[in-house]
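Report on the following structure.
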Amino acid sequence: MASPLYKKPFRLSQIFQGQDLEKQDVGASISQYIELIIFTRYGEHRYKPDFGCEIWDLDFELIISESMWEEKLRQSLLRSIKQYEQRIYDVQLDVRIKEVNKFYPLRNVSEIKKRVEIVVSGKMQQTGENYTFSTSLYLSPLSA
């Protein structure tokens, strides 16, 4: 029997009330793990210093060539996902930088920010079904 996949964040109050933690399907679990890879800096995990991705080092780097920056991040993520998320295979990764105009009505200020869009696709080992995950982050300073 497979181990249950628990939904995060854990609601410990459920345990104290005698209930089980919420479970999730394998696709949602893979998505959470990929998010963990994206949001972890190399060296942050004491026992796996190569766990994570390079976005934290690239974020404050001067972007001279967006295509080179995108490719460095793509390769970094692809390497980590293939190594640490083995529940998917035939992994394809797309990384794009876009400029976004953000307007803050309370301050009546408009800012142009760079946003990186990440799309991961592949197939799930367990079922062979197609898998897709996407997220976007604003750069300098990095935020979700």
Side-chain angles (χ1 to χ4, degrees), residues 1-15 19-107 109-144:
M1 188 170 118
S3 299
L5 303 169
Y6 293 110
K7 186 176 181 181
K8 295 176 192 96
F10 299 128
R11 305 283 182 216
L12 297 179
S13 61
Q14 290 177 305
I15 291 176
Q19 300 170 356
D20 197 9
L21 292 172
E22 287 184 70
K23 295 177 181 79
Q24 63 186 3
D25 66 10
V26 69
S29 178
I30 292 169
S31 295
Q32 284 188 337
Y33 201 70
I34 290 173
E35 279 184 342
L36 184 63
I37 291 171
I38 292 170
F39 289 112
T40 303
R41 182 181 186 159
Y42 284 143
E44 188 175 340
H45 191 292
R46 177 182 297 173
Y47 301 105
K48 294 180 183 176
D50 62 338
F51 182 87
C53 78
E54 204 170 0
I55 196 167
W56 301 101
D57 298 326
L58 295 172
D59 186 34
F60 293 102
E61 188 176 282
L62 183 61
I63 300 176
I64 296 171
S65 167
E66 285 186 3
S67 61
M68 284 177 51
W69 191 96
E70 290 167 345
E71 185 58 21
K72 278 176 83 173
L73 177 58
R74 192 184 81 73
Q75 288 296 327
S76 168
L77 275 172
L78 190 59
R79 194 171 35 252
S80 289
I81 291 170
K82 283 183 174 182
Q83 181 174 359
Y84 289 108
E85 183 47 88
Q86 296 174 354
R87 295 177 291 178
I88 56 173
Y89 64 97
D90 289 341
V91 178
Q92 301 295 317
L93 203 75
D94 187 38
V95 176
R96 296 280 175 244
I97 295 177
K98 295 187 176 185
E99 287 189 353
V100 177
N101 188 358
K102 289 193 77 173
F103 180 71
Y104 301 96
L106 293 176
R107 296 184 296 164
V109 174
S110 183
E111 291 181 352
I112 296 177
K113 297 191 70 126
K114 290 192 183 283
R115 182 176 71 197
V116 63
E117 295 177 352
I118 301 168
V119 178
V120 179
S121 58
K123 295 196 179 286
M124 289 190 272
Q125 289 282 6
Q126 196 174 38
T127 63
E129 292 177 84
N130 290 332
Y131 169 81
T132 303
F133 167 81
S134 65
T135 191
S136 59
L137 309 164
Y138 289 99
L139 300 175
S140 299
L142 191 64
S143 60

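Computed from a predicted model, the values in this text were never measured in an experiment. Basis for what follows: all heavy atoms, side chains included, without hydrogens, waters or symmetry-related copies.
For residues 110-135, there are no ring-ring contact (aromatic ring centres under 6.0 Å, His included) pairs, not counting sequence neighbours.
Atom-to-atom distance recorded for Gln32:CD and Ile37:CD1 is 12.5 Å, nearest 0.5 angstrom. Rounding to the nearest 0.5 Å places OG1 of Thr135 at 5.5 Å from CZ of Phe39. For the atom pair CG of Leu137 and CZ of Arg115, the computed distance is 10.0 Å after rounding to the nearest 0.5 Å. Note that the SG atom of Cys53 and the CG atom of Leu73 stand 5.5 Å from one another [nearest 0.5 Å]. Atom CD of Glu111 and atom CZ of Phe103 lie 11.0 Å apart (nearest 0.5 Å). The distance from atom CZ of Arg11 to atom CG of Asp20, rounded to the nearest 0.5 Å, is 15.0 Å.
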I would like to know whether Leu77 and Ile55 meet side chain to side chain contact (heavy atoms under 4.5 Å, CB included); could you show each step before the answer? CA-CA 9 Å; Leu77 275 172; Ile55 196 167; over 6 Å; no

For Lys23 and Leu5, what are the C-alpha separation, side-chain angles and deciding distance, and is it a side chain to side chain contact (heavy atoms under 4.5 Å, CB included)? CA-CA 5 Å; Lys23 295 177 181 79; Leu5 303 169; 6.0 Å; no

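Glu71 meets the side chain to side chain donor-acceptor pair (under 3.5 Å) test with Arg74, Gln75; sequence neighbours excluded. Take Glu129 and apply the salt bridge (charged side-chain N to carboxylate O under 4.0 Å, His left out) test, not counting sequence neighbours, and it matches no residue.
Counting all heavy atoms, side chain and backbone alike, Pro49 lies closest to Arg46 at CD-O, 4.2 Å. Across all non-hydrogen atoms, the minimal contact from Met124 to Asn130 is CE-O, 4.2 Å.
Counting only heavy atoms from C-beta outward, the side chains of Ile34 and Ile118 never approach each other to under 4.5 Å. You'll find the side chain of Gln83 reaches within 4.5 Å of the side chain of Asp50, heavy atoms only. Within the 4.5 Å cutoff, no side-chain heavy atoms of Val116 are placed close to those of Arg96.
Under the 3.5 Å distance criterion, the side-chain polar atoms of Ser76 are left unmatched by any main-chain donor or acceptor of Lys72.
Considering Glu117, Glu66, Glu70 in turn, Glu117 is the only one that fulfils the salt bridge (Lys or Arg N to Asp or Glu O under 4.0 Å) rule with Lys98.
Classified by interplanar angle (parallel below 30°, tilted 30° to 60°, perpendicular above 60°), the ring pair Tyr84/Phe51 is perpendicular.
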